[in-house]
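I have placed the structure first, in the form of structure tokens, so that the comments after it can refer back to it.
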Amino acid sequence: METESEPYVRLASLRQLHQAMADMNTARSLADTLQTVADGVVGALGYELACVNLVRPDGDLVVAALAGNSAAEALITGRAGSRESWDRRLSMGERWGDLVFIPHTEGWVLDDDDVPQWYTDGPAPRFEDEWHPSDRLFAPMYAPGPQGGGTSGELVGVLSVDRPRNGRRPGAWGREALQMYAFQAAIAISNARLRANMQRALVRLERDQQALRASEESFRQAFEYAPSGMAIAEMGGDQHGRILRTNDALCRLLGRPASAMRRYSFSDLVHPEDIGTLLRTSPEGGRAELRLGRRDGTFVWVSLRNSVVADAADGPRFLLTHVEDIEERKRRELQLAHRASHDSLTGLPNSAELRSRLSARLCRQQPHGALPAAVDSMAPFESFDSHDAAYGPPVFDRGHDFDFPPGTEGHEGYDGYDHHVHTVAPAAEFDDGAKGLAVLFCDLDGFKSINDRFGHNAGDAVLIEVARRLSGGVRDGDTVARLGGDEFVILADGLGRADAQDLAVRLRNEIIQPIRAEGRAVRVGASFGIGWAHCGMTADEVLKSADERMYVEKRSRPKQHRRAG
């Protein structure tokens, strides 16, 4: 609802509010009602973000609908907060009638509770009634009391709203409108629940009547003695996916008795990383490969296939789910995938995997202020005969909530969710503390003579040991890859130029130590070239730049000193 001079309110604004209330009372299902309630807050009451937190049968509140931000919707919809945490929130702050306002000066104590939250950053208020990004405003939704007359009954849920479009805390009219809307929303949700319960009751009654006419025994035989897992789950309503019945094969696969299985739905058993896969699986002939939890806490890969057992008169009734153990096949697939992306001799990522990881950190668009690839590639090579110092901490490219990662503000195509960070090389002229993605190209000196004198087994032993030393000399999260032959590449994020040079010195000093190969001690040297990755370059361009600098470094030292360093 647009800002009005109180008590004057435009007739158009009242019509918007009336239409929003009419829409939520005419929605066809509980899910539609909840979403219509959230949409009405954004469309009619003048807030940019609205969330419907619905009380579950166990008393906790689940995020049932959200409007105004698709990224927030994807992140927190379906997550629950405890009733205890919500009661604490509703007992804090300022009381505006039935509304609860918690200013940012008090709300910080709630940052770490278990209620799903979504934050946006913003400047501090400039005047007294300006809305702060961390202000909270809640509108409890109470069912009408048993005596009627406007008395409040049990809590149905809570509307949480954020970011008024006018940037100010709501005045008397805005508060009254939100409170009235929450009261009507509670009635609409209660009615929708009642209709859903009645529909489920009718479906169950029809199912029982149909069961009397069906040939239960033939189905039971096929179900119970199937060689692979089978389950019957409820379809539709609040209990969608709840397991009604399982066969012996599924119980053995998951190590759970049939009586315990009836307490779960498939969403309770699936691995957290596979929840999205399960939700995207169509009830009608849907297939998915995901992990289900065993009683001992381990997970097993299964192929899950749904079929709808339908009633000729009223449509779908429940889901028949076939569960097949594919653990062994998945293990083989993972082994093959690892072999395809890793060097068979050293176990390091291979050339293809290196390019994939490097490309993932780059995009084709130049960030504002970044040096062009041609200019950066011409930066003078700095030798690294300097002191050995620890290099700096990594720079992470994963943001959270509405905190934009450095360098992404205003980036075209940035949606606040994938958190791409433009990769920019530190300035070549001076070290101002800037950090980037360093690419160290390593070529062994004297390796060919070892192969020629002692054989390829000795050469392989040297490569394996060099790979081990390189891997042990970098941080967790850095990449050490074998490009081919005696060439290795290190990707180290979050380094300044001095840091990268110090890292190269330390790695070279590790490599030149004696190596036991075929019963004898041998030595190899190493030449390093340092390139810098930034957006606008391809992976091959970055590697070529580092390779060229490696040859500059190799030629800069006399041949007799290359091995000993």
* To do: Give, for atom NE2 of His338 and atom CG of Leu336, the distance between the pair rounded to the nearest 0.5 Å.
  => 12.0 Å
* Asked: Can you tell me how far CE of Met141 sits from CG of Asn53, rounded to the nearest 0.5 angstrom?
  -> 7.5 Å
* Do you know which two heavy atoms are closest between Gln16 and Ala44, and how far apart they sit? -> O-CB, 3.6 Å
* Asked: Within 45 degrees of the axis of the six-membered ring of Tyr264 and under 6.0 Å from its centre: does Arg256 put its NZ or CZ there?
  -> yes
* To do: State whether the number of non-hydrogen atoms from other residues, nucleotides or ligands found under 6.0 Å of Glu84 atom CD is greater than 12.
  => no
* **Arg89 and Ser85: CA distance, side-chain angles, deciding distance, side chain to side chain donor-acceptor pair (under 3.5 Å) verdict** => CA-CA 6 Å; Arg89 287 166 177 254; Ser85 296; over 6 Å; no
* Does the side chain of His104 pick up a donor-acceptor pair with the side chain of Asp135 at under 3.5 Å? -> yes
* Would you name the heavy atoms of Val270 and Asp274 that are closest together and state the gap between them? => CG2-CB, 3.7 Å
* Distance-minimising heavy-atom pair for Ala27 and Thr33 -> CB-OG1, 3.3 Å
* Among all residues two or more places apart in sequence or in another chain, which pass the side chain to side chain contact (heavy atoms under 4.5 Å, CB included) test with Ala226? -> Met230, Asn247
* Does a side chain donor of either Ser82 or Asp60 reach within less than 3.5 Å of an acceptor in the other side chain? -> no
* Any donor-acceptor N or O pair under 3.5 Å, side chains Asp39, Thr36 -> no
* To do: Any chance you could measure Ile232, atom CD1, to Ile243, atom CD1, to the nearest 0.5 Å?
  => 11.0 Å
